[in-house]
Every structure is written in C-alpha cells, then in structure tokens.
Amino acid sequence: MPMSRYEHRAIEPRWQDWWEKHKTFATATDRTRPKYYVLDMFPYPSGSGLHVGHPKGYVATDVVARAKRMMGFNVLRVMGWDSFGLPAERQAMREGLHPRDITSRNIATFKGQLRQLGLSYDWGRELATSDERYYRWTQWIFARLYEKGLAYQAEVPVNWCPALGTVLANEEVKDGVYVETGDPVERRNLKQWMFRITEYAEQLLDGLEGLDWPEGIKDMQRNWIGRSEGAHIRFPIKGHDAHIEVFTTRPDTLFGGTYAVLAPEHPLVERITTEAQRAAVTAYRLEVTHRSDRDRTGASADAEKTGVWTGATAINPATGAEIPIWIADYVLASYGTGAVFACPAHDERDYAFAKTFGLPIVRVVEGGDLAVEAWTGDGAHVNSSFLDGMDIAAAKRAMIAWLEAQGHGDGTVQYRLRDWLFSRQRYWGEPFPMVFTEDGEAHLLPDSALPVRLPELDEYRPTEDGQPPLARAAEWAVTEFEGRPAVREVNTMPQWAGSCWYYLRFLSPNRSDVAWDPDEEDYWMPVDLYVGGAEHAVLHLLYARFWHKVLYDLGLVTSPEPFKRLFNQGMIHANSYRDERGKYFYPEQVEERDGGWFVKESNTPVSTRLEKMSKSRYNVVNPDDMCEQYGADALRLYELFMGPLEDSAHWETSGVAGTRRFLDRVWRLVVDPESGGLSAKLTRDKLDNAELERALHAAIKKVTEAIESMKFNTAISEMMIFINEATKAEKVPVAWIEDFVLILNPFAPHLAEELWRVLGHEASTAFAAWPTYDEAKLVVNTITLAVQVNGKLRATLILPADVTQEAAIAAARADENVQRFLQGTVRREIYVPGRLVNIVAK
RNA sequence: GCGAGAAUGGCGGAAUUGGUAGACGCGCUGGACUUAGGAUCCAGUGGGGAAUCCCGUGGGGGUUCAAGUCCCCCUUCUCGCACCA
C-alpha cells in the first residue's frame with residue numbers, strides 16, 4: 001500500500017522494528033575492517049525520564065556511528081545505565097519499593113525513549129552497573145587495586161552530610177554544601193576507604209598531553225591535579241627535639257620568613273604549645289572544628305585572618321633567627337605538610353596575617369610598595385645573603401641547592417590532588433569485597449567469593465548508632481574468613497565506581513568468566529570518540545583515567561589512556577516564566593502581548609528567562625512529544641541544527657517545525673503524491689545542471705567533513721541548500737537523489753530508509769557505501785568577482801572562472817560604476833583570484 | 001581575585017581563517033492556491049535613504065590596499081578554580 005505523504009508516525013516505528021528484527025546494529029565480528037568505538041557517557045536513569053537536552057550528544061554520536069558504518073568501519077556503539085546511586089534509594093523510601101524495582105522501571109522508561117529516537121545502539125550489549133553480573137567485576141577491579149596497595153583505610157576528616165547520612169568526596173562538595181542537592185556538609189572524622197590516586201598524579205598529568213580533548217577540560221584536570229614545584233624545609237623548634245617541616249613554592253624568600261604557621265589540626269600543636277598559651281590554642285582549635293567548611297574555604301587570599309600564637313618558636317635555618325609558631329586555619333592540614341613558613345612581604349595571605357597580628361614584614365625582593373600590599377612579582381633579591389641580586393628563578397635554584405647541602409631541606413614536587421575517598425554509607429551501591437576479623441584486620445575476599453551480593457533490606461536508612469544501612473543486614477554481615485569469625489565491610493562504593501570502567505565491559509558484556517576479553521580489548525580500545533557533558537570534566541574523567549592507568553600497569557589493558565578523543569556537547573536551555581513571587585508557569589499558560597509576557601487566565605505579568613531545563617522550572621520539553629508531533633528524524637535534525645554542538649543552545653520548538661518542513665520537502669522531491677511511487681521529477685537520464693550537481697557535491701563534502709569536525713549545523717544547512725535547489729530544478733537525476741538520501745541517512749535514518757525503498761533498493765541504508773564527492777564538480781565555471789575601489793565595494797562582476805588577472809582587472813576598471821569612483825591616479829591594484837579586485841586610487 | 005571562552009539582524013547562527021558580512025533555519029511582511037489553513041508555493045526581510053549612496057559584527061584606538069577575523073585598552077556575559085603556601 002503506497003503512501004503518498006510523509007507519515008512519520010507510521011514510518012518511524014516500522015523501521016525501528018525492522019532494525020531490531022534484523023539485528024542491523026549488532027556489532028560486527030569481522031576483524032579485517034578498521035574499528036571505531038564511539039561512546040556516550042551513559043546516563044543515570046532518573047525517575048523523570050529524558051528531556052530534549054539529553055539526546056543532543058546521543059544524536060551526534062549516532063550520526064557519527066551511522067556514517068562510519070557506511071564508510072566501512074566496524075562500529076561499536078553501545079548504551080548502558082549508571083544505575084547505582086542515591087536518587088533510586090530515596091525514591092524507594094518514598095514509594096516503599098526496592099531500589100532494584102525503581103531502577104528497572106526507570107531503565108525501561110529511558111530505553112523506550114531512546115528507542116523512539118532511532119539510535120543505532122547494539123542493545124545486545126546493554127549493561128547496568130547495579131546488575132550483579134556487572135558489579136561482580138567492579139569488585140574484582142577493586143581487589144586488583146587493593147592488592148596493588150592503592151586502596152587503604154584511614155581515619156580522615158570527611159565531608160559528612162547529615163541530611164543524606166553519608167560522606168561525600170571533596171569533589172562533590174562546594175561552598176560547604178552537596179553540589180547535587182544543596183544539603184549542608186560538615187567535617188567529621190571517620191574511618192574510610194581511600195584510593196591512592198595521588199600516586200598517579202604525575203602520570204595523570206603527563207597523559208593529558210597526547211589526548212585529543214578540549215583544551216579547557218585538560219586545563220581543568222591540570223588545575224585539579226595542581227602540580228607545584230618547591231621545597232620541603234625543616235625548622236628546628238626551640239626547646240624541643242622536633243622540627244616543623246614546611247612546604248613552600250618560594251624557598252627563595254626564606255630570608256624574609258618571620259614566623260611559621262601550623263594548621264590547627266597539626267599533630268605537633270599539642271606538644272609545643274606553652275602553658276601560657278594552652279587555653280587560647282585549645283579554644284581556637286575548638287572554634288575551627290565548629291567552623292563549617294563554607295567559612296573555611298571560599299575565602300580569598302586577602303581575607304581577614306584568624307589565628308593564635310602557640311607560645312613556641314622555631315629557628316629560621318637561613319637567618320638563624322627565632323620566629324614565633326602560630327596556628328591559623330588559613331593553613332590547610334590536608335595540603336603539603338600542613339605547615340608553612342610565612343614571608344609576609346611576598347605572599348598575600350601572610351601579609352594579611354602579619355598586618356592583623358602586627359608581625360614583622362621583611363623585604364627580600366625588590367618591587368612594589370610593602371606599605372600597601374605584598375609584592376609577589378619578580379625582582380632582585382635583597383637582605384638575602386648569597387641570594388642578593390638574583391631573580392626569583394635563580395634564587396629558588398640557589399636556595400634549594402643550599403638547603404640540600406646544609407641538610408635543611410629538599411627540592412620537591414607537591415600536588416593539590418588528594419587521595420580519593422571511596423566509601424559511602426549507602427545501601428544502593430557496590431559492596432566491598434572485604435571482611436574484618438575480630439582483631440580488626442581487613443582481609444580481601446578471594447575472587448571466587450565474588451560477587452558479594454547486596455543483602456535484601458526493607459529499610460535503607462543508617463542505623464540508630466550511625467552505621468551504614470548494610471549494618472542492618474546482621475545475617476549477611478556476619479561471616480567467616482579462613483575459618484575465623486569475621487564481619488563484612490558495610491560501607492558501599494560511590495557511584496563513580498561503576499562508571500570508571502563500563503567502557504571496558506561493553507567489549508564483552510555477556511562473559512561471565514572474565515571482566516573483558518583481552519582480544520576484544522586489544523581490538524577495540526581505546527575509545528575513539530567519547531561524548532558527554534562538561535560537568536564530568538574532573539570527576540568521572542579523572543577517576544576513569546586513574547583506574548585505567550592502574551589496569552594498564554597491571555597489563556590488563558593495552559592502551560595507557562581510555563578516551564582518545566573527548567567532545568563535550570553543550571546544554572540545552574529553555575525559556576521559563578515566573579511571576580513576581582517566583583511561581584513558575586508552563587509555556588502554554590502564558591502569552592506575549594504588548595512586549596511583555598502574561599499569564600493567560602489571570603493577566604499576571606511574568607518575567608521570562610533562559611534556564612537549564614528542569615521539572616521544577618516548568619520548562620522541560622519532552623522528546624516523546626516531539627517524536628509524536630514532528631517525528632524523531634525532525635527532532636534529531638533540530639538537535640544538531642541548533643548551533644555548534646559544543647555550545648549551549650536555546651530550545652525553540654518552532655525550530656523542530658523548520659527541520660520537519662525540510663524533511664517534507666525531501667519527501668515531496670522523491671515521492672509522487674498520487675501513486676506513492678517515484679516522483680515524475682526524478683529522471684534516469686543524465687542531466688546537465690552544474691549548479692545542482694555542485695550543490696550536491698558541496699553537501700556530500702560538508703557532511704563527510706562534519707563526521708570528523710562535529711560541525712553538524714553547517715552540514716545540515718548545506719543539505720538544505722541542495723534540497724532548495726533541487727526543488728527549484730525542472731528535473732533531478734535519480735543518482736543524485738540517491739547520494740543525497742545516503743548522506744541524509746545518519747541524520748534522518750527512518751526517512752532515508754523509507755526513501756531508499758521507494759528508490760527501488762532492497763537493502764538497508766545502514767551499510768550502503770558512503771557517497772564520495774568530486775572536487776572537480778565543486779569548481780564553478782563562473783565566478784562573481786567583487787570590485788572595490790579603496791576598499792569599498794563598487795561592483796560585482798560575473799566572469800569566467802579561468803579569467804586571468806589582467807582580464808579581471810581590465811573588466812573591473814571598465815565597469816561604469818567603478819569608473820565613477822576612479823578619480824585620481826591608480827596607485828595599486830590588488831587581485832585575489834576568484835574573489836576580488838581592489839583598486840587603490842590617489 | 002586567578003584561569004579559560006564568548007559578544008555578529010527581531011531570534012538561533014554562517015563567513016574558505018585577512019578578501020562581497022548576515023549562508024541555512026526561525027520569526028515577520030506581501031502575494032498565489034484555497035470553504036479554510038497553524039498546509040504548500042512564490043517574493044521580500046541588518047538600519048537609514050528617491051538614489052548607482054551612507055552606516056553597520058559589544059565600546060575605543062591601531063596595523064593593512066583590505067579587519068567580524070590580527071595587535072593594544074575597556075565593558076559585559078558564561079564556565080571552571082578559589083586561603084593549595
């Protein structure tokens with residue numbers, strides 16, 4: 001039964017079923033072709049489903065995947081679920097269901113939504129991190145890290161979030177609140193699992209060099225790792241058989257060091273505080289522990305300083321002078337050695353501190369005005385004995401050499417990166433493969449004991465005495481280890497764990513004997529293109545690189561870096577509407593008139609602004625509605641046509657109507673409205689229409705290049721130009737339309753498949769050969785030459801493309817309008833072949 | 001405060017990287033076909049102007065025959081980091 005109109009509601013589900021039935025996108029096993037592994041950052045399957053912002057990256061990778069298949073690559077294109085995590089646990093508590101049920105329900109929603117978009121995933125490789133067939137291997141990798149000495153337990157001051165009843169990683173806390181929910185976070189000392197990611201700081205830094213990642217993301221990682229070169233210097237403490245070890249990046253300023261500062265938590269504080277100062281020190285330390293993180297971080301270098309003198313003094317090894325030892329919370333216990341020497345003349349923080357407490361300021365570098373502020377710029381050293389006259393770089397080298405020779409210190413490298421806090425007090429996460437015997441010793445379970453399954457619980461809150469929820473599973477927790485009674489670790493792993501290695505599990509997701517097949521790994525890795533949001537710039541991407549580097553060192557993977565190329569798609573924003581009181585309204589509740597926006601029913605004025613899409617802002621656009629009304633192909637096209645993929649974009653549903661109109665024009669060009677067969681406009685004859693043919697080749701070229709450059713918006717506009725020209729043309733050769741349908745295929749696959757059938761082809765477009773363009777066809781035989789006089793456009797001439805410089809200039813000078821402006825002597829004539837002539841006159 | 005990026009019609013955005021600014025799309029205006037159209041097609045659409053002209057890429061300077069593009073200064077916005085010694 002031929003169809004005469006473009007009925008996306010019939011076409012799209014039909015092709016989705018067809019692809020599924022024919023396993024069109026099952027990953028090829030042929031190893032003779034080049035491979036291409038294109039990966040989306042897999043989503044957390046939330047309860048609210050997808051909005052149109054989510055698929056932007058998925059559509060982009062789908063275009064790449066589909067085009068690469070047509071170009072002869074074996075493509076690995078997969079999707080899975082980052083399905084452990086807090087929201088499912090909270091939703092479970094609200095609804096009285098098990099997080100597992102919540103999770104599978106949410107996954108079904110997400111999967112249905114993705115399926116509607118016609119994304120060419122190999123669903124046979126679907127995985128979920130909360131599936132025990134998956135997390136068994138997450139535990140297995142933990143075991144490898146533990147064996148390598150990279151996992152350890154420590155009593156550490158942690159970010160405790162009372163509202164959630166869990167600790168959070170440093171990266172998850174900003175300005176004293178949990179970045180996801182805004183709940184306040186406080187400091188507590190707890191025994192936690194840590195990863196020695198700091199041991200890999202240098203490698204993680206160096207590895208960035210060769211990666212094809214956005215420079216901004218690489219910078220953020222460099223910044224996060226925070227390598228700084230400097231020195232450790234030892235200051236003997238007067239009257240104690242002990243010394244303070246400080247870290248400094250400015251050993252050259254040692255002669256200006258007039259006091260030392262310890263972090264309030266520093267272990268030496270207790271020992272060196274004098275009786276006279278003890279009360280003040282104790283009070284200050286207490287005050288600091290009560291001070292929230294928000295107060296303590298987030299202050300700038302010149303912020304007002306607090307602190308207390310310990311009563312003790314140290315000897316400056318350079319000057320031999322006695323300097324007071326203070327404690328102050330501007331010195332962080334967790335960075336460097338938790339102690340600094342202060343050179344107030346040349347450090348903003350020390351300057352602010354010295355001014356507050358009237359401590360001496362001694363200049364050792366020329367420059368600036370110390371009466372006003374610290375001088376941190378370069379200059380000749382003064383008051384510095386053997387350093388006098390040197391600039392900073394030279395003085396640093398000289399000082400480090402001197403310290404090392406005298407045994408007072410060493411040149412060293414320090415990282416800002418901290419060890420990774422890896423345990424959470426949650427239920428819905430991976431259990432650790434660890435037990436503790438009665439002596440308190442931790443033991444790694446053998447691989448044969450994996451997976452350590454989550455026990456069934458009906459209550460996911462922490463216990464009354466503050467233990468993690470797993471402590472409620474008494475029967476589960478009590479076990480034995482090598483015949484001795486033991487208890488299981490009741491913390492679980494953070495959500496980052498599963499996403500650290502999922503790209504490897506996709507290689508052999510159904511193997512129960514190995515985490516991944518080494519041959520598959522050798523063939524497919526590294527990921528050729530990884531697309532996702534920039535919000536994962538430091539967290540997920542740094543953690544995953546860390547695990548990968550460990551696996552590389554263990555010989556378990558063959559590539560030192562997991563993601564060769566990274567691309568961050570921008571977010572989609574939409575207008576939101578709210579009244580004075582902050583109440584939001586749905587777009588269909590408001591209307592625009594007289595230059596303002598009003599609620600239709602009440603005439604209440606509302607203000608509009610562009611915001612991130614979210615349920616609470618009433619500005620979410622649902623892809624299901626778009627698929628229903630305009631079709632998945634139109635939606636896919638609009639997602640990419642909005643603007644450069646990396647930019648954030650402003651959603652306008654009318655734009656989807658625009659890409660839909662384009663697809664309608666394509667349809668009408670090919671399909672006869674009466675018969676449903678080929679349009680009479682199409683011809684099997686050869687046709688001499690250089691303009692149209694050029695437009696086709698321009699489109700093929702642009703689309704081909706877009707697969708590498710990811711500049712899909714301009715590629716789509718080039719396809720539109722071809723269709724506009726073809727619509728105007730009397731006749732269009734079938735062969736040209738066929739090429740066009742093939743380049744359209746990655747963007748609008750349902751329509752392309754349908755038209756491909758109408759054009760008489762039996763096979764799917766999925767593996768049709770990618771059209772090639774001919775540079776010769778792109779050459780035009782006439783050029784439009786811009787003619788300028790003194791840089792101003794005075795005429796445009798149509799000339800043969802092979803016009804000589806002389807002929808072009810002659811034609812330009814002959815032009816009537818040019819003549820009018822050509823007064824005075826011609827000083828110069830500039831000719832840019834094929835583009836313009838500029839005549840410079842008097 | 002430090003670091004990175006951005007600013008082009010009513011709107012989203014193009015511009016071979018120094019060579020006709022505004023491609024393509026949205027929106028808008030007019031027309032055609034229509035009982036009707038939120039369908040389709042055609043024409044127009046940066047501003048000013050009768051004009052073959054003038055002005056115009058956040059603002060100010062500069063380099064150049066020629067600047068959205070290069071250099072200097074400023075403004076605004078976005079993102080990241082933020083007492084890391």
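Every chain is numbered from 1, with letters handed out A, B, ... down the list of sequences.
Atom CD1 of residue Ile830(A) and atom CD of residue Gln805(A) lie 10.5 Å apart, to the nearest 0.5 angstrom.
Within 4.0 Å of Gly658(A), counting heavy atoms only, lie sugar-phosphate atoms of the nucleic acid but no base atom. Counting non-hydrogen atoms under 4.0 angstrom, Val840(A) reaches the backbone sugars and phosphates but no base.
Note on Tyr335(A): a side-chain N or O is less than 4.0 Å away from OP1 or OP2 of A85(B). Distances shorter than 4.0 Å separate some side-chain N or O of Lys792(A) from OP1 or OP2 on C55(B). Between Arg828(A) and the phosphate of C65(B), there is a side-chain N or O to OP1/OP2 separation shorter than 4.0 Å.
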Does the protein touch nucleotides 1-6 of chain B at the base, only the backbone, or not at all? Give it as B, S and - per nucleotide, heavy atoms under 4.0 Å. ------

Protein heavy-atom contacts under 4.0 Å, written 5' to 3' over nucleotides 31-51 of chain B as B (base), S (sugar-phosphate only) or - (none), form the string --------SSS----------

Would you mind building the protein contact string for nucleotides 9-20 of chain B? One character per nucleotide, 5' to 3', B for base within reach (heavy atoms under 4.0 Å), S for sugar-phosphate only, - for untouched. ---BSS-B--BB

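Applying the 90° criterion around 0 to the glycosidic angle, G68(B) comes out anti.
Scanning for salt bridge (Lys or Arg N to Asp or Glu O under 4.0 Å) contacts around Glu245(A) gives Arg234(A), with sequence neighbours left out. For Tyr638(A), the ring pair (Phe, Tyr, Trp, His ring centres under 6.0 Å) partners two or more places apart in sequence, or in a different chain, are Trp651(A). Asp219(A) meets the salt bridge (Lys or Arg N to Asp or Glu O under 4.0 Å) test with Arg222(A); sequence neighbours excluded.
Between Trp326(A) and Phe357(A), the distance from one ring center to the other falls under 6.0 angstrom. Side-chain rings of Phe641(A) and Phe712(A) stay apart, their centers remaining 6.0 Å or farther from each other.
Taking all atoms of both residues into account, the shortest heavy-atom contact from Leu205(A) to Ile225(A) is N-CD1, 3.8 Å.
We find that CZ of Arg416(A) is positioned 14 Å from P of G80(B), with the value rounded to whole Å. One atom, CD of Glu535(A), and another, P of C81(B), lie 12 Å apart when rounded to the nearest Å.
At distances below 3.5 Å, not a single donor-acceptor pair connects side-chain atoms of Asn713(A) with backbone N or O atoms of Leu640(A).
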